[in-house]
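Only one structure is covered here, and it is reproduced in the block below.
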Amino acid sequence: MRDPRYDILFEPVRIGPLTAPNRFWQVPHCSGMGYRYPNAEARMRGIKAEGGWGVISTQEAEIHPTSDISPANEARNWDAQDIPALRLVADAIHEHGSLAAIQLVHNGFHTPNRYSRMIPLAPSPALYDGNDPVQARAMDKTDIANMRRWYVQAAKRAREAGFDVIYVYAGHDMSVLQHFLSRRHNHRCDEYGGSFENRLRLFREVIADVRDAIGDRAALAVRLAIDELLGPEGITCEGEGRDIIAALAEEPDVWDVNLSDWSNDSQTSRFSDEGFQEKYTAFVKSVTTRPVVGVGRYTSPDSMVRVIRKGILDFIGAARPSIADPFLPKKIEQGRIDDIRECIGCNICTSGDNTCVPMRCTQNPTVGEEWRRGWHPERIAPLPAPEPALIVGGGPAGLEAARALAQRGAEVTLAEAGSEWGGRVSREARMPGLAAWGRVRDWRLGQLRNLTNAQMYLQSPLTADDILAYGIPHVALATGARWRADGVGRSHRRPQHFIAEGAVLTPDDVLDGGAAAIPASGPVVIFDDDWFYMGGLMAEVAARAGHDVTLVTPDVMVGSFAQNTLEQVRIQRQLLSLGVRILPNQLLTGRGADWLDLACTYSGTTRRIDCAVLVPVTARLPVDDLWEALQARRADWADAGLRSVTRIGDCLAPGTIAAANHSGHLYARTYCEPGDPDKAPFRREDLATVY
Ligand code: ADP
Ligand code: SF4
């Protein structure tokens, strides 16, 4: 039963000619499952409709080959050939009574058109904003007329494909319409540049054109970046962001407002809290009567009710919360608040799109697998003959395997050596800014505690003898991994024995003991050959504890993979503000008790720096001694009733928390049914099934 406090979230809201069934609005978000995997895209969005999202949008839909953002895999709406794939998505959304939205985008100079080879278009001559040697040309009047026509044609195709809400988008610094609005990008001297009214002209015209094209059969949404966090250099919510909304106040049927660029819009929990956009978006409803959508990583129904009651938003916009839990609205509706799988704000999902593959989610292992493996985030087939399982290790892999197996009806025993659940998640969540990561553990524990067929034991370090004595037929080893201390990583592929000439701490020491584990004996050097978040995190912990800290890396920047999670700049900026010295492009070559020798990765030029404590953040090794011990006892398995032993998560191959979670889930989904290693483990998209 729904708590009446949340009734307001389920009120229908009028948007132009249509009525949204509730206030849950899945805003456009990339998925990595665009035009190349239309079945996957459709299934993923359809499941969100089933989960109760009232309006569900596609990711950006390129409107023309001059907006070809290959190899990213967005939606494509270049011509009639794209309609069937788009229709699949709209139909999947309609199947559950939700409204289907599509975000029409021309990327302007934000694309080098690698596939189409067409010259990018911009208000003024501009370099592409990536690193391809490509420059956009300034649009002349014919180009402007073409652009307006392309929007109209794309809008008509979107209607033909069945979309109810058509978005005109000027956000994330990724839209030609925003480029025209921007003083920074628009240097024109004609009626499309210069004054505010002139820079607004194309946006205003396209909105009017699309309105005419869709008539009164569909709703028109406008997505606008109302602050770029660039101060006077950019659009601000006190300045032109406000002026744009005021000037076009009643033109759209609904406003969708957010921050630009993407890294500001999709800030991680390490750098922002739920509702972090409210201070920028709060003014919008005071200058328009149209309903307003906004985001802010909302996962708590109380926060959602608060922003609506305070008159900040009319719709709870969500991308990540809808990925982590496609059934979030349904769970609120059914009074199952504790079942909500809250987004942890880690941005592993954005790394999927940024690496041009279907996204993963740390919390939701089924995302990206809905169509190809047939995984549903809520349902999982009961086991025909549930055989008992023993799961060893209570980190993310073990917890997820136990949870999903118990959901399938198996008797599950989960044993954890330590005195707390969560494994690496619990230890990492104690690091600065990462508390929300504990939700990975908390959700699984909450679910497990409601299942009567799962027995859970802490402080239970198991040996091979123990396991053979239990006689449980199937065993999953989720015993995790430990950070190496010998320097082996990406750049040094063999042990660097000299490392041990001075004090060495591994990230595990710091994760276990916190800053107190770092002795105050002199300068601390972090050697980051992992290239994601752990190196920067170790430097941050040491710097906050008052140590003199240098981060050395063979990489060209701190944690380059964090570019894919949109937080690299914030991490490096934060380290600099904490006084951490950063030495990129450096290898380790020697060590004494209080010094470290480095060599430039390009020139080989060496230098010596002070170092009392070295923290190598390199590779990890699986904790697989139990696996080895059980392999050595294979002859005893049959007598003990042991039939299978499977390594999962970091014990099999150290990776992200998302990968461990997926591994645990996969174990449960394929329990007692290992796939054929000679075949792809999932269905593949066959475009012939669409066209
Ligand atoms: P993953 O990310 O794969 O889930 P973690 O490192 O987070 O791995 O978790 C592994 C967990 O396994 C840790 O909490 C650790 O205490 C536990 N563990 C390791 N060896 C044993 C063992 N022999 N018996 C029980 N638990 C174990
Ligand atoms: Fe949230 Fe992380 Fe999942 Fe993205 S990957 S939806 S940020 S939990």
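Side chains are part of it too, since the values below use all heavy atoms of this structure and drop only hydrogens, waters and symmetry mates. We count ligands from 1, going down the list as the structure has it; atoms in each ligand are counted the same way.
The structure places OG1 of Thr479 at 11.0 Å from CH2 of Trp627, a figure rounded to the nearest 0.5 Å. Here Glu60 contributes atom CD and Glu74 contributes atom CD; the two are 4.5 Å apart, rounded to the nearest 0.5 Å. Of the inter-residue distances, the one linking Leu399 atom CG with Asn661 atom CG reads 9.0 Å to the nearest 0.5 angstrom. The distance from the OG1 atom of Thr506 to the CZ atom of Arg482 is 6.5 Å, given to the nearest 0.5 Å. Ser303 contributes atom OG, which lies 11.0 Å from atom CD1 of Ile308 (distance to the nearest 0.5 angstrom).
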Check each N or O atom of ligand 1 against all protein N or O atoms and list the pairs under 3.5 Å, with atom names and distances to 0.1 Å, one per line.
from	atom 1	to	atom 2	distance (Å)
ligand 1	2 (O)	Asp650	OD2	2.7
ligand 1	3 (O)	Asp650	N	2.7
ligand 1	4 (O)	Pro396	N	3.1
ligand 1	4 (O)	Ala397	N	2.8
ligand 1	7 (O)	Arg424	N	2.8
ligand 1	12 (O)	Ala478	O	3.3
ligand 1	14 (O)	Glu416	OE1	2.7
ligand 1	14 (O)	Glu416	OE2	3.0
ligand 1	16 (O)	Glu416	OE2	2.6
ligand 1	23 (N)	Leu462	O	3.0
ligand 1	24 (N)	Leu462	N	3.0
ligand 1	26 (N)	Ala417	N	3.0

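Within the protein, the N, O or S atoms sitting under 2.8 Å from atom 3 (Fe) of ligand 2 are Cys361 SG.
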Trace of the ring-ring contact (aromatic ring centres under 6.0 Å, His included) decision for Trp262 with His29: CA-CA 11 Å; Trp262 193 16; His29 72 74; 9.8 Å; no
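Checked against a 6.0 Å centroid threshold, the rings of Tyr533 and Trp437 count as neighbours. For an aromatic pair to be called close, the ring centres must be under 6.0 Å apart, and His665 with Trp375 satisfies this.
Figure legend: cation-pi geometry between Arg490 and Trp531, with NZ or CZ positioned under 6.0 Å from the six-membered ring centre and within 45° of its axis.
Side-chain contact between His376 and Arg43 is present, with heavy atoms from C-beta onward closer than 4.5 Å.
Under a 4.0 Å criterion applied to the non-hydrogen atoms of Gly345, ligand 2 contributes the atoms 1 (Fe), 7 (S).
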